[in-house]
Number of protein chains: 2
Amino acid sequence: MDEKNHYSISELASMLEISPSTIRFYEEKKLIDPERTSGNQRIYTRKDRARLKLILRGKRFGFSLDEIAEIIGLADVEVNEVSQIEKSLAYTDKRIAEIRARRSELDLLETDMIAMKDNLVKRLEEISAGQNEV
Amino acid sequence: MDEKNHYSISELASMLEISPSTIRFYEEKKLIDPERTSGNQRIYTRKDRARLKLILRGKRFGFSLDEIAEIIGLADVEVNEVSQIEKSLAYTDKRIAEIRARRSELDLLETDMIAMKDNLVKRLEEISAGQNEV
DNA sequence: AATAAAGTTAAAGTTAACTTTAACTATATA
DNA sequence: TATATAGTTAAAGTTAACTTTAACTTTATT
C-alpha cells in the first residue's frame with residue numbers, strides 16, 4: 001500500500017512519458033475529466049491514470065482518439081436504459097472480436113519480421129562462405 | 001495456381017480497400033516502387049501487394065510510415081557489407097522484441113474490454129433484479 | 001514578502017498522412 | 001475511329017493529433 005493516489009499534471013505526464021499539454025488536449029477531447037483544486041489546478045486520481053494508460057495503449061494499436069473516446073464512453077454510460085446498455089454490450093463484443101483479430105495480425109507481422117531476419121542471417125552466412133572460397 | 005500476378009493501381013486499390021492516391025502517396029514516400037508499362041502506367045506484382053499489406057498491417061499497429069519505411073528497408077538492403085547487415089540484424093531483433101511486447105499489451109487491452117463488458121452485464125442484471133422487486 | 005516554478009486558458013502553429021484538383025496522356029469499348 | 005474510362009504528375013487543400021505561445025494565476029521556495 002505505497003504509491004500515491006493523486007498526481008499533478010506534470011507528475012502524471014512524466015509517469016506516462018507524455019507532455020502536460022497532451023494531457024490537457026485529451027481533456028479537451030473529452031477523454032478524461034479530472035477534478036480541480038480550490039485554485040483550479042487539475043488533480044488526477046489513479047483511475048484517471050488508468051484511463052490515460054488505456055488511451056495510450058489504444059493509440060499504440062492504431063485506434064484514433066475518436067474511437068478511443070467511444071470505447072471509453074462505455075465505462076461512463078450513466079444511462080440505465082436497457083436498450084442503451086444492450087447496444088453498448090454489442091459494441092464491446094465487436095471490439096473484443098477486433099482485438100482477437102489483431103492478435104492474428106500480430107502473428108503475421110511477427111512472421112514477416114522473422115522472415116526478414118532469416119534473410120539477413122542467410123546473407124551473412126553467404127558472405128562468410130564466400131570469404132572462405134577466396 | 002489461379003489468381004493474377006499483375007494488377008493495375010485501381011485493381012490493387014480495391015483489393016486492399018484503399019484509394020489509388022494512397023498507393024501513389026506510398027510510392028512518393030519510397031515505400032513501394034512498381035514497374036511501369038510502355039505507356040508509363042504502374043503495374044504491381046504480388047510482391048508489391050504483399051508489401052502494401054505489410055504497410056497497412058504496420059499502420060494498424062500504430063507504426064508511422066517512417067518507421068514502416070525503416071522496417072521495409074531491411075528487405076531492400078543491397079549492401080553486402082557485414083557491418084551493415086549486422087546492424088540491420090540488431091534492428092530486426094529489436095522490432096521482433098517490440099512485437100512480442102505488443103502482444104502482452106494486447107492482452108491488457110483485451111482484459112480492459114472484458115472488464116467493461118462484465119460491468120455492463122452486471123448493470124443489466126441489476127436492472128432486471130430491481131424490476132422484480134417492484 | 002518576494003520571486004521562481006508550475007499551472008491555466010485560448011488561440012495560433014506544426015506535422016503526418018492523406019485527398020482533391022487540374023490539366024494532360026494512355027487504354028479500352030461502342 | 002471516336003469517346004469514355006482509367007491513369008499520370010504537381011500542387012494545393014484537409015484533418016487529426018499535437019505543440020507552442022502569450023498573458024495571466026496559483027503554489028512553492030528563499
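Just so you know, these numbers come straight off a predicted model, no measurement behind them. In the text below, chain A, chain B and the rest are named by the order of the sequence lines, each starting its count at 1.
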Let me know the distance between CG of B/L65 and P of C/dC18, rounded to the nearest Å.
-> 5 Å

Whole angstrom value for the distance that separates C1' of C/dA6 from CZ of A/R36 = 14 Å

Reckon A/K29 touches a base, only the sugar-phosphate, or nothing at all at heavy-atom distances under 4.0 Å?
-> nothing

Per salt bridge (charged side-chain N to carboxylate O under 4.0 Å, His left out), A/E105 is matched among B/R57, B/K59, B/R102 by B/R57

Between C/dC18, D/dT19, D/dT27, spot the one nearest the side chain of A/Q41, thanks.
-> D/dT27

Using a strict cut-off of less than 4.0 Å between a Lys/Arg side-chain nitrogen and an Asp/Glu carboxylate oxygen, indicate whether B/R123 and B/E126 qualify as a salt bridge.
-> no

So what does A/S21 hit on the nucleic acid, given a heavy-atom distance under 4.0 Å: a base, only sugar-phosphate, or nothing?
-> base

Check the distance between D/dC18's P and A/L56's CG and give it to me in whole angstrom.
-> 8 Å

OP1 or OP2 of C/dC18 less than 4.0 angstrom from a side-chain nitrogen or oxygen of B/S19, does that happen here?
-> no

Give the nucleotide from the list D/dT9, C/dT19, C/dT27 with an atom nearest to the side chain of B/T37.
-> C/dT27

Interatomic distance, B/I23 CD1 vs D/dT9 P [rounded to whole Å] | 13 Å

Residue from A/D48, A/L31, A/L52 passing side-chain contact (heavy atoms from CB on, under 4.5 Å) with A/I23 | A/L52

Measure from OH on B/Y26 to C1' on C/dA16 and round the result to the nearest Å.
-> 11 Å

Grab the CD-C1' distance between A/E28 and C/dA10 for me, whole Å please.
-> 9 Å

Measure from CD1 on A/I55 to C1' on D/dA16 and round the result to the nearest Å.
-> 15 Å

Minimum-distance nucleotide (side-chain atoms of A/T22 versus D/dG7, D/dC18, D/dA17) = D/dC18

Of all heavy-atom pairs between A/L109 and B/G58, which one has the smallest distance, and what is that distance?
-> CD1-N, 4.4 Å

Selected nucleotide, minimal atom distance to B/F25 side chain, candidates C/dT19, D/dC18, D/dT9 | C/dT19

Options C/dT19, C/dT27, C/dG7, nucleotide nearest the side-chain atoms of B/S38 = C/dT27

Send over the distance from A/L12 CG to C/dA6 P, rounded to a whole Å.
-> 16 Å

Looking across every strand, which nucleic acid part, if any, lies under 4.0 Å from A/R42 by heavy atom: base, sugar-phosphate, or nothing?
-> sugar-phosphate

B/K94 and B/E70: salt bridge (Lys or Arg N to Asp or Glu O under 4.0 Å), yes or no, with the steps?
-> CA-CA 12 Å; B/K94 229 176 84 186; B/E70 258 185 345; over 6 Å; no

When you match B/K59 and B/N40 each to their closest nucleotide on DNA chain C, which lands nearer the 5' end?
-> B/K59

